[in-house]
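Here the structure comes first, spelled out in structure tokens, and everything after it is commentary.
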Amino acid sequence: MSSLSKENSIVADMTLAPEGHLKIDWVRQHMPVLNRIREQFEAEQPFKGLKVSITLHLEAKTAYLAKVVQAGGAEVTITGSNPLSTQDDVCAALVEDGITVFAKYNPSPEEFKALNIKALESKPDLIIDDGGDFATLLHSERPDLMENIRGGAEETTTGIIRLKALQKQGILKFPMVAVNDAYCKYLFDNRYGTGQSAWDGIVRTTNLIVAGKTVVVVGYGWCGKGVAMRAKGLGANVIVTEVDAIKAVEAHMDGFHVMPMLEAAKHGDFFVTVTGNRYVIRGEHYDVMKDGAIMCNAGHFDVEVNKPELSDRSVSQRTVRKNIEEYQLKDGRKLYLLAEGRLVNLGAADGHPAEIMDTTFALQALSLKYVNDNYKTIGVKVENVPYNLDEQVARFKLESLGISIDSLTPAQVEYLDSWNLND
């Protein structure tokens, strides 16, 4: 254990470390792609002498990503990107492994922000961001902490939106790779990861059956597709609400009912928001919801369910079960909100399966190396993950599964070249 990381870290309880080590070891055994990249990093030392700060949902899979970056020679500092997703045992284990940690479960909003700032006070050379939280802090409040930053990688749709806003305003100060926009991220992580882990959180928390119930999925992006698909698989009747006409047609053709939110609100037993937007469930919807309706969010920020309006309409509020808040309305109906409207898959469960985060975090690790190798030529902008890295991760995944695929023959390559289609 690094004495420096232990002295500098802020965690809840170091005695929890043994449990954290077991969790990290479990996910390591189920992340073959990241293991392969770790071997590469140990040999090449791409981050030797550099400082890397990470903000992500601080559970076992994220912890193993931090250890892979550390294996590449980096001095790693990490913090949590959500107050309810941080696991204290994992934090303690990372400290014992020589990583500086500023995180604990369910801090106050003020403490949460302070811990994020602490993670940046090392003045990192590279960052891994989630929801654009680091980038926003650096550009708006602590520009003094970004003097060494070469660039970084962003995990989420929300973060990319915030980063592109900074770029459009002409104030972005370093390149960021949009990991969320890589094919291996949104096709697999957003769809299969969110689809399974959101329902893990809902079912684990409520202990209620889904079959025969009506599920309203608010938003039909890649995350919404996954949530709707898994709800159907559990036997639910699925309604999708959308503001995008193309996605609405897609949801209809995928076999789901499509209608406005105000109409869907009358029918839903479970509501899952996956839009990244603000107040997509709000006052007029509460007014027509069934007694006993359950709401949750699988978007990055806890703004999709309008909690102030829900409180205003309530005569009482109580916690009826861990991560379930009951709101009794003035007419006697009771509505329920899971995990305070924060990410239900992490606030009330363990997040995406390890095999899913294996590919996502492989992209993060390779993107971090890419931006470090190329930050002088990329320019100050939001950069897409190069396709060759995306495909490399997919090929590593196929190899880990024992699956082989075909390659184009020379004649096929020549044919495509003749049509200029191989680009």
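Just so you know, residue 1 is the first one in the sequence shown, and it goes up from there. These numbers come from the heavy atoms of this one structure, side chains and all, not from hydrogens, waters or symmetry mates.
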Inset, instruction - Report the C-alpha distance between D302 and K307 in whole Å, list the side-chain angles of each, state the deciding distance to 0.1 Å, and finish with yes or no for salt bridge (charged side-chain N to carboxylate O under 4.0 Å, His left out). - result: CA-CA 9 Å; D302 61 333; K307 292 187 285 186; 3.0 Å; yes
Inset, instruction - Begin from the C-alpha positions of Q392 and N388 and carry the test side-chain hydrogen bond (donor to acceptor under 3.5 Å, both in side chains) through to its verdict. - result: CA-CA 6 Å; Q392 181 181 356; N388 66 304; 5.4 Å; no
Legend entry - Steps toward ring pair (Phe, Tyr, Trp, His ring centres under 6.0 Å) verdict (F47, F41): CA-CA 8 Å; F47 308 122; F41 281 5; 5.4 Å; yes
Legend entry - L398 and I405: CA distance, side-chain angles, deciding distance, side-chain contact (heavy atoms from CB on, under 4.5 Å) verdict: CA-CA 9 Å; L398 287 173; I405 61 173; 3.9 Å; yes
Inset, instruction - Just do the salt bridge (charged side-chain N to carboxylate O under 4.0 Å, His left out) check on E59 and K61 with the steps written out, would you? - result: CA-CA 6 Å; E59 42 76 55; K61 299 176 288 291; 2.7 Å; yes
Inset, instruction - Please step through side-chain hydrogen bond (donor to acceptor under 3.5 Å, both in side chains) for the pair N180 and T156, ending with a clear verdict. - result: CA-CA 5 Å; N180 184 78; T156 67; over 6 Å; no
Legend entry - Trace of the salt bridge (charged side-chain N to carboxylate O under 4.0 Å, His left out) decision for R395 with E391: CA-CA 6 Å; R395 288 187 178 277; E391 188 183 39; 3.5 Å; yes
Legend entry - Check against side-chain contact (heavy atoms from CB on, under 4.5 Å), M146 and F174: CA-CA 9 Å; M146 64 174 158; F174 45 79; 3.6 Å; yes
Inset, instruction - Show your reasoning for whether side-chain contact (heavy atoms from CB on, under 4.5 Å) applies to L84 and E340. - result: CA-CA 9 Å; L84 297 185; E340 300 178 7; 4.0 Å; yes
Legend entry - Q87 and L58: CA distance, side-chain angles, deciding distance, side-chain contact (heavy atoms from CB on, under 4.5 Å) verdict: CA-CA 6 Å; Q87 297 183 6; L58 218 175; over 6 Å; no
Legend entry - Worked verdict on K104 versus E111 for salt bridge (charged side-chain N to carboxylate O under 4.0 Å, His left out): CA-CA 10 Å; K104 57 178 67 175; E111 187 179 14; 3.3 Å; yes
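With respect to D287 and R313, a salt bridge is recorded, a charged nitrogen being found less than 4.0 Å from a carboxylate O. Under 4.0 Å is where a charged nitrogen must lie from a carboxylate oxygen, and between K67 and D97 at least one such pair does. Salt-bridge annotation for R282 and E309: absent, with no side-chain N of the basic residue lying under 4.0 Å from a carboxylate O of the acidic one. Residues K225 and D254 are not paired through a salt bridge, judged by the lack of any N-O separation under 4.0 Å between the basic side chain and the carboxylate. Using a 4.0 Å cut-off between charged side-chain N and carboxylate O, K113 and E110 make no salt bridge. Salt bridge R204/D350: present, at least one basic N to carboxylate O contact under 4.0 Å. At a threshold of 4.0 Å, the pair D189-K185 counts as salt-bridged, since one of the basic side-chain nitrogens sits closer than that to a carboxylate oxygen. No salt bridge links K164 with E154; every basic N to acidic carboxylate O contact stays at or beyond 4.0 Å.
When all heavy atoms of V90 and A60 are compared, the closest pair comes out as CG2-N, 3.9 Å. For the residue pair D89 and L16, the shortest heavy atom distance occurs at CB-O, 3.4 Å. Nearest heavy-atom pair, S367 versus V385, reported as atom, atom and distance to 0.1 Å: OG-CG2, 3.7 Å.
Taking 4.5 Å as the limit, some side-chain heavy atom of F134 sits within range of a side-chain heavy atom of S53. The side-chain heavy atoms of D130 and H57, taken from C-beta on, include a pair separated by under 4.5 Å. At a threshold of 4.5 Å between non-hydrogen side-chain atoms, the residues K51 and T77 do not count as touching. The side-chain heavy atoms of I294 and L208, taken from C-beta on, include a pair separated by under 4.5 Å.
Using cut-offs of 30° and 60° for the angle between ring planes, the W199 and F270 rings count as perpendicular.
Checking side-chain atoms of E242 against main-chain N and O of Y220 turns up a donor-acceptor pair under 3.5 Å. The backbone N or O of K173 sits less than 3.5 Å from a side-chain atom of H139, completing a donor-acceptor pair. For R321 (side chain) and T205 (main-chain N/O), a donor-acceptor pair under 3.5 Å exists by modelled atom type. Looking only at distances, no side-chain donor or acceptor of T360 sits under 3.5 Å from a matching main-chain atom of M357. With N345 contributing its side chain and G351 its backbone, the two residues share no donor-acceptor pair below 3.5 Å. Side chain of H252 to backbone of A248: no donor-acceptor contact under 3.5 angstrom is found. Between the side chain of R333 and the main chain of M289, a donor-acceptor pair closer than 3.5 Å is present. Put simply, the side chain of N35 gets close to the backbone of M31: a donor and an acceptor are under 3.5 Å apart. Panel note: side chain D358, backbone L34; a donor-acceptor pair is recorded below 3.5 Å. Panel note: side chain N297, backbone F301; a donor-acceptor pair is recorded below 3.5 Å.
Note that CG of L335 is 13.0 Å distant from NE2 of H285, once rounded to the nearest 0.5 Å. Within the model, atoms CG of L163 and NZ of K168 stand 15.0 Å from one another, a figure rounded to the nearest 0.5 Å. To the nearest 0.5 angstrom, T79 atom OG1 is 5.5 Å from L115 atom CG. With rounding to the nearest 0.5 angstrom, the CD1 atom of I149 is 5.0 Å from the CD1 atom of I127. For the atom pair CD1 of I78 and OG of S9, the computed distance is 11.0 Å after rounding to the nearest 0.5 Å. Expressed to the nearest 0.5 Å, how far CG of L346 lies from OG of S85 amounts to 5.0 Å.
Counting only N and O atoms by type, the side chains of T158 and H300 include no donor and acceptor under 3.5 Å apart. Using modelled atom types and a 3.5 Å distance limit, the side chains of Q328 and S314 yield no donor-acceptor pair. A donor atom on one side chain and an acceptor atom on the other are found under 3.5 Å apart for T275 and E304.
Under the rule for a salt bridge (Lys or Arg N to Asp or Glu O under 4.0 Å), E155 has no partner lying at least two apart in sequence or in another chain. Partners of D269 under the side chain to side chain contact (heavy atoms under 4.5 Å, CB included) rule, at least two apart in sequence or in another chain, are K213, T214, K290.
Counted within 6.0 Å of CD on E141, heavy atoms from surrounding residues, nucleotides or ligands total more than 12; the atom is thus considered enclosed. Annotation for L262: atom CG counts as buried by contact number, over 12 foreign heavy atoms lying within 6.0 Å. For I246, the CD1 atom sits in a loose shell: 12 or fewer heavy atoms of surrounding residues, nucleotides or ligands are nearer than 6.0 Å.
Annotation: cation-pi pair K23/W26 absent, no NZ/CZ under 6.0 Å from the ring centroid and within 45° of its normal.
Remark: aromatic rings of F188 and H352 are distant, center separation not under 6.0 Å.
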